[in-house]
Enquirer: 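I'd like to ask you about the structure that follows.
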Number of protein chains: 2
Amino acid sequence: MKALSRQPSQEACVPADDDRLDLRPVEGKGVDEELAALAKAVAHPARVRIVRLLLRRTSCMCGDIVDELPLAQSTVSQHLKVLKAAGLIRGEVEGARVCYWVAPRTVRRLKALVAAL
Amino acid sequence: MKALSRQPSQEACVPADDDRLDLRPVEGKGVDEELAALAKAVAHPARVRIVRLLLRRTSCMCGDIVDELPLAQSTVSQHLKVLKAAGLIRGEVEGARVCYWVAPRTVRRLKALVAAL
DNA sequence: AGCTTTCATCGTCTTTTTACGATACCAGAG
DNA sequence: CTCTGGTATCGTAAAAAGACGATGAAAGCT
């Protein structure tokens with residue numbers, strides 16, 4: 001059933017996310033809310049850390065994130081939930097574990113919105 | 001007494017903020033907190049709006065911000081306080097009014113930190 | 001001196017965030 | 001099937017954020 005196991009040692013573990021150019025506007029009424037929402041997702045040191053961890057890792061990383069942070073497992077899980085809700089990361093159940101990776105498209109969007117300031 | 005009145009129609013109202021290149025690191029322990037703090041300052045639609053307003057205006061803008069937002073004056077004042085505390089904007093009393101402008105250096109710093117993700 | 005305008009701060013209330021332990025869930029090992 | 005390890009979710013508590021009206025302070029006008 002095509003188990004999509006973590007790629008052993010390739011460039012990154014991002015499952016071919018949308019890589020096209022983003023043509024959406026970078027300012028306007030709704031865009032303010034969009035930027036605010038993305039900024040809020042990153043508005044916590046632990047979540048910044050998580051995003052960085054996922055970006056730097058060549059493999060998918062699962063709950064090893066918990067070991068990297070001085071927080072309880074449930075708290076880390078909450079932060080992951082926030083990041084996922086914002087679309088910054090994605091997660092997929094991998095047997096007993098869960099594999100997380102960043103959503104490059106949303107990260108690019110965040111960069112574009114901030115850069116457009 | 002050199003009243004520093006709002007420049008009538010020049011490029012921007014930014015009073016010659018530090019314009020040198022920023023050589024501080026863009027990742028690391030303390031940097032996560034720095035980015036988180038800056039992101040938090042922008043993690044609200046009203047504050048994004050304010051920053052944009054101040055960036056786009058050729059004149060300084062004062063409490064006209066209040067007229068642009070669907071919020072009470074005290075609430076807007078609070079948002080301005082948050083932005084000022086984060087170093088993203090600066091304010092100076094101008095007679096009975098207060099002149100706000102963005103701090104380009106901090107905005108650049110934010111852009112650098114996000115771009116480095 | 002009074003009055004008005006402009007803005008900040010205070011006090012209060014409501015909502016959201018953050019954090020944790022406890023518990024439930026699910027997949028794999030034995 | 002039972003146990004175990006890895007996660008998510010629940011319940012709860014504390015803290016912070018967000019919003020508003022009321023009040024206060026300073027400046028300018030009459």
Side-chain angles (χ1 to χ4, degrees), chain A residues 1-6 32-33 35-51 53-54 57 59-86 88-101, chain B residues 1-6 32-33 35-51 53-54 57 59-86 88-101:
Chain A
M1 46 193 71
K2 205 184 78 57
L4 198 149
S5 59
R6 41 196 159 336
D32 286 356
E33 295 171 9
L35 173 52
L38 288 176
K40 181 180 288 186
V42 184
H44 192 289
R47 292 197 290 269
V48 173
R49 188 91 195 288
I50 290 172
V51 171
L53 284 173
L54 292 179
R57 289 280 175 175
S59 74
C60 274
M61 285 277 302
C62 306
D64 311 300
I65 303 169
V66 176
D67 301 329
E68 296 283 349
L69 298 177
L71 296 171
Q73 176 266 323
S74 58
T75 305
V76 173
S77 192
Q78 290 248 108
H79 284 304
L80 289 169
K81 190 178 182 180
V82 171
L83 288 171
K84 193 156 60 176
L88 280 170
I89 69 174
R90 292 177 155 276
E92 188 164 325
V93 177
E94 185 97 10
R97 313 193 171 183
V98 177
C99 174
Y100 283 103
W101 62 90
Chain B
M1 48 192 68
K2 204 186 76 62
L4 199 150
S5 58
R6 40 201 162 323
D32 286 356
E33 295 171 10
L35 173 52
L38 287 175
K40 181 179 290 187
V42 184
H44 192 289
R47 291 197 290 267
V48 173
R49 189 91 194 287
I50 291 173
V51 170
L53 284 174
L54 293 179
R57 289 280 176 176
S59 74
C60 272
M61 285 274 303
C62 305
D64 311 299
I65 303 169
V66 175
D67 302 328
E68 296 283 349
L69 298 177
L71 296 170
Q73 176 266 323
S74 58
T75 305
V76 173
S77 192
Q78 291 251 108
H79 284 305
L80 289 170
K81 190 178 182 180
V82 170
L83 288 171
K84 194 155 59 174
L88 279 169
I89 70 174
R90 292 176 156 277
E92 188 164 325
V93 178
E94 185 96 10
R97 312 192 171 184
V98 177
C99 173
Y100 284 103
W101 63 87

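Below, chain A is the first sequence line, B the second, and so on; all start at residue 1. The basis for the numbers below is simple: all heavy atoms, side chains too, and nothing from hydrogens, waters or symmetry mates.
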Enquirer: Are B/W101 and B/R57 packed together at the side-chain level, in the sense that at least one heavy-atom pair is separated by less than 4.5 angstrom?
Expert: no
Enquirer: Heavy atoms, side chains only, cut-off 4.5 Å: are B/V42 and B/R47 in contact?
Expert: no
Enquirer: With nearest nucleotide decided by heavy atoms, which residue, A/Q78 or B/V93, maps closer to the 5′ end of DNA chain D?
Expert: A/Q78
Enquirer: Might you work through the side chain to side chain contact (heavy atoms under 4.5 Å, CB included) test for B/L69 and B/I50, ending with a clear yes or no?
Expert: CA-CA 9 Å; B/L69 298 177; B/I50 291 173; 3.7 Å; yes
Enquirer: Side chains of B/L54 and B/I65: closer than 4.5 Å at any heavy-atom pair?
Expert: yes
Enquirer: Figure out the CG/C1' separation between B/L80 and C/dT9, and round it to whole Å.
Expert: 14 Å
Enquirer: If I take atom CG in residue B/L71 and atom P in nucleotide D/dA17, what distance separates them, rounded to the nearest angstrom?
Expert: 17 Å
Enquirer: What's the CD-P distance between A/E92 and C/dC26, to the nearest Å?
Expert: 17 Å
Enquirer: What nucleotide among D/dT9, D/dA17, D/dG18 has an atom nearest to a side-chain atom of B/K40?
Expert: D/dA17
Enquirer: When only distance counts, do a donor and an acceptor, one from the side chain of A/Q73 and one from the base of D/dA8, lie under 3.5 Å apart?
Expert: yes
Enquirer: Between A/H44 and A/A96, which residue's closest nucleotide on DNA chain C lies nearer the 5′ terminus?
Expert: A/H44
Enquirer: Is the phosphate of D/dG6, meaning OP1 or OP2, less than 4.0 Å from a side-chain N or O of A/Y100?
Expert: no
Enquirer: Check whether any side-chain nitrogen or oxygen of B/S77 sits under 4.0 Å from OP1 or OP2 of C/dA8, and answer yes or no.
Expert: yes
Enquirer: Would you check, one step at a time, whether the test side chain to side chain contact (heavy atoms under 4.5 Å, CB included) holds for A/H79 with A/T75?
Expert: CA-CA 6 Å; A/H79 284 304; A/T75 305; 3.9 Å; yes
Enquirer: To the side chain of B/R97, which of C/dC7, C/dA8, D/dA8 is closest?
Expert: C/dC7
Enquirer: Roughly, in whole Å, what's the span from CG in A/D67 to P in D/dG5?
Expert: 14 Å
Enquirer: Roughly how many Å is it from CD1 in B/I65 to C1' in C/dT6, rounded to a whole number?
Expert: 13 Å
Enquirer: C/dT17, OP1 or OP2 - any side-chain N/O from A/H79 closer than 4.0 Å?
Expert: no
Enquirer: Side chain of A/K81 only, heavy atoms from C-beta on: which candidate in C/dC20, D/dT9, D/dA27 is closest?
Expert: D/dT9
Enquirer: So, under a plain 3.5 Å distance rule, would you say the side chain of A/S74 forms a donor-acceptor pair with the base of C/dG21?
Expert: yes
Enquirer: Rounding to an integer number of Å, can you tell me how far B/R49 CZ sits from D/dG18 P?
Expert: 17 Å
Enquirer: Looking at the side chain of B/V98, which of D/dA27, C/dA8, C/dA19 is the nearest nucleotide?
Expert: C/dA8
Enquirer: B/E94 CD to D/dA25 P: how many Å, rounded?
Expert: 23 Å
